[in-house]
Amino acid sequence: MNERQRAAMAAATRLTREGRLAEAAALLRGNLAPPGAGAGDQPVQAPTQTRRAGRRHRAEDAGDAGDAAGDLLATLTARRHPPHAGSVPPAPSLRARLRDLVRTSPAGRSASADHAATAAGAGGHYLRRSYTDAAGTREYTLYVPTGYTGQPVPLLVMLHGGTQTADDFAAGTRMNELAERDTFLVAYPEQAPGANTARCWNWFQPGDQRAGRGEPSLIAGITREIAGLYSVDPTRVYVAGLSAGGAMAAVMAATYPDVYAAAGVHSGLPYAAAHDLPSAFTAMSQGAPVPAGTAAEGIPLIVFHGDEDTTVSAVNADRLTEDAVRALATRSRTGRLRTTVSSGRARDGHAYTLAVHEDADGHPVVEQWTIHGAVHAWSGGSPHGSYTDGRGPDASAEFVRFFLAHPRRR
């Protein structure tokens with residue numbers, strides 16, 4: 001390690017002893033990551049050809065630092081919080097989760113702000129705004145497609161994952177290109193570093209799991225602000241996210257079923273899967289409690305998850321699906337949903353298993369896509385964004401298809 005890295009380790013030790021684990025993990029990730037993988041909270045992109053050629057060497061160079069960081073945080077966490085049932089995962093499991101926080105995902109690629117912003121644009125207007133309420137202020141970007149001329153159109157709210165930005169997420173998902181094709185607005189709320197130094201949405205905090213409070217209030221406020229500024233079809237408003245953003249999308253689906261017609265969760269966790277940082281690590285590695293939480297009303301849901309995801313266990317996709325099926329079955333005339341399972345393979349890409357749950361009228365209301373061999377990355381995404389896997393299937397296209405087929409019931 002160099003002098004800067006040793007100083008980072010010392011600072012992380014202090015933060016961990018104070019119980020500030022998220023800040024410690026973010027500090028280590030920013031200072032011990034391989035060159036080109038990112039600095040601080042803002043990812044930095046190396047040129048494509050250089051990044052691909054040197055990725056193996058950078059990963060090897062960062063291995064010792066990543067292991068040391070993971071071991072340090074795991075050891076200190078175990079000392080501060082002795083393991084007990086249902087709270088803190090055992091040290092090896094926690095160590096693996098912390099290493100994932102420090103290192104870049106094997107399929108993930110960081111993107112410079114300028115490059116990501118350029119890639120995020122697809123010919124329409126790309127606007128930067130902010131929203132403030134009693135819970136605070138969050139910036140967001142809004143994509144307005146060229147086909148929008150004032151007619152009522154759908155709105156999709158996209159919630160990025162940890163360490164990502166709005167521009168990065170837009171570039172990686174290519175959602176703006178689909179907005180051009182199908183004419184809908186896309187909003188990208190952005191987590192403030194002051195709220196979470198790793199730029200994760202605080203899906204695991206009780207204060208951010210209720211309507212009218214915390215981050216759900218801010219995200220719903222952004223949604224309503226856009227609906228007031230543009231002609232938005234109130235029956236076609238949707239929310240989706242990746243990782244921490246996927247977990248927060250599940251929170252929004254549970255707390256604002258009157259706002260969102262359907263939700264999409266990619267590599268995320270169920271609503272109320274955790275109540276603090278230790279239980280968040282437990283849920284990420286072992287799965288959320290069964291049931292994780294109860295929502296007053298279910299909304300249609302599409303779930304994507306790689307079965308080799310070592311950051312968020314794929315068992316969470318099963319729990320998400322089970323919760324949605326349980327809630328939506330009560331709205332079916334027969335009190336249950338009919339399930340069909342099929343398999344396929346993306347062109348030159350991953351094999352997948354698709355479970356579709358239909359109501360009594362034969363309408364699919366829940367879809368679960370299990371991507372075989374995929375890790376913690378947006379399926380079918382662009383290399384211009386971070387945490388993407390271009391081998392598909394195309395999660396963005398499937399999310400849009402599912403959403404547009406599900407207007408909110410009046």
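To the nearest 0.5 Å, atom CG of residue L185 and atom OH of residue Y230 are 7.5 Å apart. Remark: L242 CG to H376 NE2 distance equals 5.5 Å, nearest 0.5 Å. Within the model, atoms CD of E225 and CG of L142 stand 10.0 Å from one another, a figure rounded to the nearest 0.5 Å. Atom CG of D233 is separated from atom CZ of R408 by 9.0 Å, given to the nearest 0.5 angstrom.
Judged by distance alone, with hydrogens and angles left aside, the side-chain atoms of T282 form a donor-acceptor pair with the main-chain N or O of P278 at under 3.5 Å. Between the side chain of Q164 and the main chain of G161, a donor-acceptor pair closer than 3.5 Å is present. The backbone N or O of T149 sits less than 3.5 Å from a side-chain atom of Q151, completing a donor-acceptor pair. Checked by atom type and distance alone, the side chain of S279 pairs as donor or acceptor with a backbone atom of H275 at under 3.5 Å. Between the E308 side chain and the A374 main chain, no donor and acceptor come within less than 3.5 Å of each other. Side-chain atoms of Y148 do not come within 3.5 Å of backbone N or O of V153 as any donor-acceptor pair. Here the side chain of D323 pairs no donor or acceptor atom with the backbone of L320 at under 3.5 angstrom. Counting only distance, with no hydrogens or angles, the side chain of S396 and the backbone of T173 share a donor-acceptor pair below 3.5 Å. Here the side chain of D359 pairs no donor or acceptor atom with the backbone of L337 at under 3.5 angstrom.
Proximity of the aromatic rings of W369 and H305 is defined here by a centroid distance below 6.0 angstrom, and this criterion is not met. For F169 and W378, the distance between ring centers is under 6.0 angstrom.
Under 3.5 Å, the side chains of Y260 and T223 contain a donor-acceptor pair of N or O atoms. Under the 3.5 Å distance criterion, with hydrogens and angles disregarded, no donor-acceptor pair is assigned to the side chains of Y131 and E139. Side chains of Q191 and R138: a donor on one and an acceptor on the other come within 3.5 Å. Side-chain contact annotation: H372 with T353, donor-acceptor N/O pair under 3.5 Å present. Judged by distance alone, the side chains of D168 and S386 do bring a donor and an acceptor atom under 3.5 Å apart. Neither side chain, Y188 nor D167, offers a donor N or O lying under 3.5 Å from an acceptor on the other. A side-chain donor from one of D133 and S217 sits under 3.5 Å from a side-chain acceptor of the other. If you check the side chains of Y352 and D307, you find no donor sitting under 3.5 Å from an acceptor. Between the side chains of Q209 and T255, no donor-acceptor pair of N or O atoms lies under 3.5 Å.
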Hey, mind stepping through E215 and Q205 against side-chain hydrogen bond (donor to acceptor under 3.5 Å, both in side chains) and telling me if it holds?
CA-CA 10 Å; E215 291 171 2; Q205 299 284 9; over 6 Å; no

Walk me through it: do Q286 and S313 pass the test side-chain hydrogen bond (donor to acceptor under 3.5 Å, both in side chains)?
CA-CA 7 Å; Q286 301 175 19; S313 171; over 6 Å; no

Could you tabulate the donor-acceptor pairs under 3.5 Å formed by side-chain atoms of residues 398-407, not counting sequence neighbours?
{"residue": "E398", "atom": "OE1", "partner": "R401", "partner atom": "NE", "Å": "2.7"}
{"residue": "E398", "atom": "OE1", "partner": "R401", "partner atom": "NH2", "Å": "3.0"}
{"residue": "R401", "atom": "NH1", "partner": "E367", "partner atom": "OE2", "Å": "3.2"}
{"residue": "R401", "atom": "NH2", "partner": "E367", "partner atom": "OE1", "Å": "2.7"}
{"residue": "R401", "atom": "NH2", "partner": "E367", "partner atom": "OE2", "Å": "3.3"}
{"residue": "H406", "atom": "ND1", "partner": "F402", "partner atom": "O", "Å": "2.7"}
{"residue": "H406", "atom": "NE2", "partner": "P364", "partner atom": "O", "Å": "2.5"}

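Counting heavy atoms of neighbouring residues, nucleotides and ligands inside a 6.0 Å radius, atom CZ of R210 does not exceed 12 of them.
Comment: E358 does not engage R336 in a salt bridge, judged by the lack of any side-chain N to carboxylate O separation of less than 4.0 angstrom.
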